Amino acid sequence: MARSLDATEVNEVRGRSGADMRRNLTWWDLIWFGIGAVIGAGIFVLTGQEAKEAAGPAVVVSYAISGVSAMLAVFCYTEFAIEIPVAGGSFAYLRVELGDFMAFIAAGNILLEYCIGGAAVARSWTSYFATLLNHHPDDFRVHAAALAEGYSELDPIAVAVTAAICALAVLSTKGSSRFNYVLSILHLAVIAFIVVAGLTKANAANLSAEFAPFGARGIFAASAVLFFAYIGFDAVSTMAEETRNPARDIPVGLVGAMTLTTAVYCLLALVLCLMQPYTEIDADAPFSVAFTAVGMDWAKYIVAFGALKGMTTVLLVGAVGQARYLTHIARTHMAPPCLAQVHPRFGTPVYATVVMMVATAVIALFTNLGILSNLLSISTLFIFTLVAMALLVRRYYVAGETAASDRNRLVACLAVIVASSTATAAYWGMTSSGGGGWVAYVVTVAAWLAATAYLQWGVPKARAPKMWGVPLVPWLPSASIFINIFLLGSIDGASFMRFLIWTAALLAYYFFVGLHASYDTAKAIAAEAEAARVEEGAHKVAVGGCRFG
């Protein structure tokens, strides 16, 4: 349960990588990294799936809800990234505020998030590549009848693409940035084409006939899955260690990228639903098929080309981000310390990049998109909830300074916020008609409001941000906790079972390996510090004796 310190993460832990990562990124790089990290497989694949099966034309509202949740998380990440500018991202933030144990559980889910996210995008890359060559999306996959359903469509192209991206990520972060924003600019040009060309074939009747055929339940169920489309922005926070001016560049980069992304997603979803009735939207390649349906068959090649560019940048930024997470985890010895090494020539974490991309390639070879997207949303929403809680702890609690009574009030408020959010999500998930009676929601939401209000006016803040802070604390992070947990309540039970199995495996590793390695490291560092203190004291005595003897 030990908590780290800001200075420890920024100085001592970072120093265990040997060479430093190069500080050569600006807000311009971060905006394009953010856009490149996010706009990819989610919008081009999941939009059709969720519009057809879960939300209908109201998929536009689903994207807006997911975007609000993502933006709340962006604010929380931004404050931490400015004050703790290290490659560890949310792992480092949670280690400082919630302790080693919670940081490790989050770290395992972060790594899972990046592996399965990259695998999902790599498999979607294959689907759109097949479309570009005028084939069915599954034509380039190899069917292995001996394997279980959902894992039997082998994807060697996804493995090859993953390996190529790994090579680029290893060579240079700045070079990756330049490649990323060139592709992202081209990608936005393709998106502009889709919007303009699609609106010329718009039919308002497709939108107004039955806007929300699956009701509120369908809208929120789609939001939980479509959150996958926003995943990746947290990779930008891992680049704080390589940013020239974190206090200026990180807020502009993160908030700017997320604002643009949300607007683009809602607009693209709207255009798709105007082009075709939701019942006719293709679940695998929705935009390409939609243009074919309205007589613009040639346009599907432009769409496929743009989708490939978007997915390539998502894979690239994911490769850069996931390696930096693993690097910082290895610095703490919760993962093998050899993975923390930064290559002195390239200035990049070579071993961590290769290990993560091998794991991604293995998953991409076997597992289909449906299984990956739901599991990914659970891991990400769970991590974002922990980061929002950590921000509240950071603002209201400082060890050795905060009174015990204030600490207890903070813990009570956090417990009520989490419990009321969980109760709201559980009641929503258990009722079959889209929400059941309203009395239960009045009770749970009122409890959330009361706990947040008491935190605002009844508990004194213990710390103010040094350079840039999240506005409307505690309301904004509390709202982030509420909406993240609520979206978790809309995800299917099978995905939660996979999540629990993975978490159990993490716990086994932690208690048998990670806990002992990090403890031994902490003891060794403490012994070194004590030896240095004793040596310094002896030196002062010797100097004093020489001076006055």
Side-chain angles (χ1 to χ4, degrees), residues 35 38-67 124-125 127-139 183-214 218-219 222-223 225-226 228-230 260-311 369:
I35 292 171
V38 176
I39 302 179
I43 185 64
F44 285 108
V45 178
L46 293 179
T47 306
Q49 172 185 304
E50 297 307 307
K52 186 172 186 176
E53 301 172 3
V59 70
V60 178
V61 180
S62 299
Y63 265 120
I65 293 170
S66 296
S124 297
W125 199 100
S127 297
Y128 269 91
F129 181 64
T131 302
L132 187 63
L133 299 182
N134 212 25
H135 282 261
H136 186 272
D138 286 331
D139 280 355
L183 285 188
S184 295
I185 290 170
L186 292 173
H187 189 44
L188 289 180
V190 172
I191 288 173
F193 165 79
I194 293 172
V195 171
V196 173
L199 288 177
T200 64
K201 300 294 182 179
N203 181 358
N206 292 335
L207 202 65
S208 58
E210 197 174 9
F211 183 72
F214 302 96
I219 292 173
S223 290
V225 175
L226 292 174
F228 169 85
Y230 290 94
L260 181 59
T261 298
T262 303
V264 166
Y265 279 178
C266 292
L267 189 56
L268 283 173
L270 178 64
V271 168
L272 178 65
C273 293
L274 283 169
M275 290 175 69
Q276 273 190 301
Y278 78 91
T279 54
E280 298 175 16
I281 292 174
D282 185 79
D284 293 318
F287 290 94
S288 295
V289 174
F291 277 109
T292 299
V294 296
M296 297 175 66
D297 191 59
W298 55 272
K300 73 180 183 182
Y301 299 106
I302 298 177
V303 173
F305 183 65
L308 285 179
K309 285 184 177 297
M311 293 175 199
L369 182 64

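Keep in mind that this is a model prediction, so the values were computed, not measured.
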Separation of Tyr63 OH from Thr47 OG1 (nearest 0.5 Å)
2.5 Å
Might you confirm whether atom OH of Tyr301 has over 12 heavy atoms from other residues, nucleotides or ligands at distances under 6.0 Å?
yes
How far does CD of Glu50 sit from OH of Tyr278, to the nearest 0.5 angstrom?
14.0 Å
For a 4.5 angstrom cut-off between non-hydrogen side-chain atoms, does Pro57 reach Pro277?
no
Between Phe291 and Met275, is there a side-chain heavy-atom distance shorter than 4.5 Å?
yes
Smallest heavy-atom separation, Thr262 atom then Gly67 atom, equals OG1-CA, 3.9 Å
NZ of Lys52 to CG of Asp282, rounded to nearest 0.5 Å, is 6.5 Å
With a 4.5 Å heavy-atom cut-off, do Leu267 and Val264 have their side chains touching?
no
Indicate yes or no: at least one non-hydrogen side-chain atom of Asn203 is less than 4.5 angstrom from one of Val294.
no
Side chain proximity check, Val190 to Val303, heavy atoms < 4.5 angstrom:
no
Please report the shortest heavy-atom distance between Leu272 and Ala290, naming the atom on each side.
CD1-CB, 3.8 Å
Yes or no on side-chain contact (heavy atoms from CB on, under 4.5 Å) for Phe214 and Ile219, after CA distance, side-chain angles and deciding distance?
CA-CA 7 Å; Phe214 302 96; Ile219 292 173; over 6 Å; no
So which heavy atom on Ile281 is nearest to which on Ala51, and how close?
CD1-CB, 4.0 Å
Which heavy atom of Cys273 sits nearest to which heavy atom of Leu207, and what is that distance?
CB-CD1, 3.9 Å
Spell out, as yes or no, whether a donor-acceptor pair under 3.5 Å connects the side chain of Thr200 to the backbone of Ala197.
yes
When rounded to the nearest 0.5 angstrom, what distance separates CG in Leu260 from CG in Leu188?
6.0 Å
Least distance between heavy atoms, Ala269 atom then Val59 atom:
CB-CG1, 4.0 Å
Where is the tightest heavy-atom contact between Pro213 and Ala55, given as atom of each residue plus distance?
CD-O, 3.6 Å
Flag side-chain contact, heavy atom, 4.5 Å: Phe305 against Leu186:
no
Expected output: side-chain Thr292 to main-chain Asp297 donor-acceptor under 3.5 Å
no
